[in-house]
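Single-structure report; data block below.
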Amino acid sequence: MSTQTEHADHSSGLAQGLEITVTIAAVLFWGIVIWWSTTQTWSTVRYATVFVGGIMTVYALNETRQAMADGDWVDGAVLLPSSIVLITASAYFAANFEQVYLLRQGFALEHEYMLARLIIISLLYLTWREFGNLFLGLVIGVMIYALFGDAIPGVLGHAGMSELTLLQATVTDLYGFYGSLTQLTASWIAPFLLYAGLLFAYGAFDLILRIAIVAAKYVKSGVAQTAVLASAVIGSINGSYTANAAMTGSFTIPTMKESGMAGHRAAGIEAVASTSGQVLPPVMGASAFVMASYLGVPYLNIVVAGLMPAAILVASIGIAVHYTAISDSSSQEMEFSEFFDDPLSNQEKLFEAIRFGIPFGLLIYLLGFAQFTVMTSALYTVISMVITGITIPVVQSLASSSEKGPGSTFVTELKNTVFGFRRGAVILAPIAIILVVISGVVNIFGTTGVPAKIALLMINISGGVLLFAVLLGMGVAILMGVGMPTVAAYVIVAILIVPTFVSDFGVAEITAHYTVFYAAILAGITPPVATAAVVAAGIAEANFWKTCGAAIKIAAPLFILPIAFVYNPGLIAMDVGLTTLVVGTLVMLGAITMIYGLNYPFRMSIGKRSLLRAALTVLGVLIMTYPGRLVKIAGILVFAGVFLGEKVMTRGLELPFNRGASQ
């Protein structure tokens, strides 16, 4: 008995030690990020090598702690050596940067090649551990293709690549795993995720949930709309619809079911909300930063270009969720006490508005008006968030004369700040891993000339028809989106497909990028994989196929929007004008037509209902995609006639001119 007790105490002590070590490592890591952001003493490439080592340290410690807590000692035993390899490699390349990067381009020393082999094996293990077999298979497949391309006949064949050339392309030349995407993650994405971590720690997402619950009192589908809002906001930041469905679905799905909603519909709503959050500005699941880098335009331009498409998606999904909720005759009443002990007083609301409003307002000002760089804007926003996050609660405790004095409040918020630094690093780690690996894959693609080969293949298969090319591109995007975050799927498809859209079909660059970006998120709700739907259905204990059906009905316009972008060029513009607003409004009405047809609870026989649903869906697709405005307006008028006719015939609505005639 005493031996078991000693073993338990030892395990508990080790877990506690790792807990503290993770926090210290996260704080030190962010210290390096902030120091480099303010000084930029090192080149971006050198900083990227240090960044990878730092984030891998946090990841290794945190995941080892989790593995030991779960009793999985084997995972911890494999995880630590893999991470140590990456940490050691980062230290080596940073210390010998001039020799490796400047003096030995195109060749390396034998021990560097051996280190490169270990790095590839370690990254493959971490990739499999974090994202599963499908993405691992993709990465291994790309490497095999690079090595044995000379054995592939036809247009996709190439001269092949030796093992040493592959090691140079991925590691030793510092253009692969430490290349442009890793550098972008280190300099642009990382500070924003630190901001997200601080928002979590200071309770911003609790505040969002409070606002959503209050708003739910005034909307008939309140509980479901609350789920959509919470999931979409968090999904925009964390960059993974699967993780988002697991995180927010754990409280939104049970709440929707308790209100009387069917399990598969609750799961479908959560899957759609988690997926669609990826397209919401300003973060867009980190994809906005990558898109800005590829296009060579200010980050704010990408955000502005995404406003109208996001508005179309939010409006159509909101209406679809409303129809889904009322069709179940659920109560849709959310009790505040289920989530929070007490509502906020007016004074508390004011302090919370100041606390979170000042940093966010500063971010908007620096990006939108002062035209600061993304990195500098994010850095100042983080600093501002720390200042208001700590000081405002202290001032509030003085103003309210609460039992908790200013000294105790200061200590609490200081702990929350440290926790925010840790949370930010933990959120960043999986995104960093996937983008490090994708950076290597992109370099292999460039070395083997795959994008040009894909362009020829697409033209041959599509026969030069734009619609077929877009559908083919969407199919590739959905396939690539299986088992990986949206940003990774978007990067691969942007490298392979976008150049063809631009050069061979004359699609504008920003339109081509948004087309494949929106297509890349579809994998979350597209069977047979539909990872977001799998997670949501598991939480709801619902049938997977019914969940996918409900999700597709709710998010139907999302499947049409990539086509609408191409055939309505004014829909996506970096400088929003009257044309964008007009075209966007017409496309939005087309999306609403689809949603109405698929989700509205019609009171008629099943035959008539099915026929009407099919007709309205086709009409909605036509309005969304057809380039001519007259056809769009005519379609909208038809929809308006059906809408009013249904209200008069089955709901007993009396139109003004009918009342006048009867009198």
Side-chain angles (χ1 to χ4, degrees), residues 208 211-212 215-216 218-233 235-236 265 268-282 284 303-327 332 514 517-518 521-522 525 550-565 568 570-573 576 578-601 616-617 619-626 629 632-633 635-640 642-644:
I208 291 170
I211 294 170
Y218 305 100
V219 182
K220 194 174 181 180
S221 54
V223 172
Q225 301 292 1
T226 298
V228 171
L229 177 62
S231 297
V233 171
S236 175
R265 288 197 177 98
I269 288 172
E270 175 58 43
V272 170
S274 298
T275 301
S276 60
Q278 311 292 301
V279 306
L280 294 186
M284 290 162 53
V303 173
V304 170
L307 290 177
M308 182 55 72
I312 294 169
L313 197 61
V314 168
S316 58
I317 288 175
I319 294 170
V321 167
H322 176 74
Y323 288 153
T324 302
I326 62 175
S327 68
Q332 292 295 301
Y514 261 97
F517 169 54
Y518 266 65
I521 74 168
L522 291 173
I525 55 174
I552 290 171
K553 282 174 65 179
I554 293 167
L558 180 56
F559 289 82
I560 308 302
L561 271 174
I563 304 170
F565 295 158
N568 298 269
L571 187 57
I572 298 176
V576 176
L578 183 60
T579 300
T580 302
L581 293 175
V582 171
V583 174
T585 302
L586 294 175
V587 173
M588 181 184 293
L589 290 171
I592 292 171
T593 301
M594 283 187 70
I595 290 300
Y596 181 77
L598 288 170
N599 296 277
Y600 188 76
L616 286 172
T617 302
L619 181 63
V621 172
L622 179 67
I623 296 170
M624 289 183 70
T625 57
Y626 195 83
R629 292 189 189 179
K632 289 182 184 294
I633 293 170
I636 291 167
L637 290 175
V638 171
F639 165 63
V642 173
F643 182 84
L644 291 173

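Values in this document were obtained by computation on a predicted structure and should not be read as measured data.
- Between the CE atom in M624 and the CG atom in L589 there is a gap of 11.0 Å [rounded to 0.5 Å].
- Atom CD1 in I521 sits 6.5 Å away from atom OG1 in T275 (nearest 0.5 Å).
- With rounding to the nearest 0.5 angstrom, the CD1 atom of I572 is 7.5 Å from the OH atom of Y518.
- Residues satisfying the side-chain contact (heavy atoms from CB on, under 4.5 Å) criterion with T579, sequence neighbours excluded, are V583, R629.
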L571/I312 under side-chain contact (heavy atoms from CB on, under 4.5 Å): CA gap, chis, key distance, verdict
CA-CA 10 Å; L571 187 57; I312 294 169; 3.8 Å; yes
Using atom types as modelled, flag every donor-acceptor pair under 3.5 Å from a side chain in residues 553-565 to any protein atom, sequence neighbours excluded.
none

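- When all heavy atoms are compared, the tightest approach of G635 to L619 is O-CD2, 3.6 Å.
- Between F643 and F639, the angle of the ring planes lies from 30° to 60°, which puts this pair in the tilted group.
- In this structure, the side-chain contact (heavy atoms from CB on, under 4.5 Å) partners of L307, at least two apart in sequence or on a different chain, are P281.
- The CD1 atom of I525 sits 8.5 Å away from the OG atom of S276 when rounded to the nearest 0.5 Å.
- With sequence neighbours left out, I319 forms a side-chain contact (heavy atoms from CB on, under 4.5 Å) with Y323, I592, I595.
- For N568, the side-chain hydrogen bond (donor to acceptor under 3.5 Å, both in side chains) criterion is met by K632, not counting sequence neighbours.
- The two residues A551 and G268 have their closest heavy-atom pair at CB-O, 3.8 Å.
- The CE atom of M308 sits 4.5 Å away from atom CG of L581, with the distance rounded to the nearest 0.5 Å.
- Here the closest heavy-atom approach between residue G570 and residue A573 is recorded as O-CB, 4.4 Å.
- If you take CE on M594 and CD1 on I623, they are separated by 10.5 Å, rounding to the nearest 0.5 Å.
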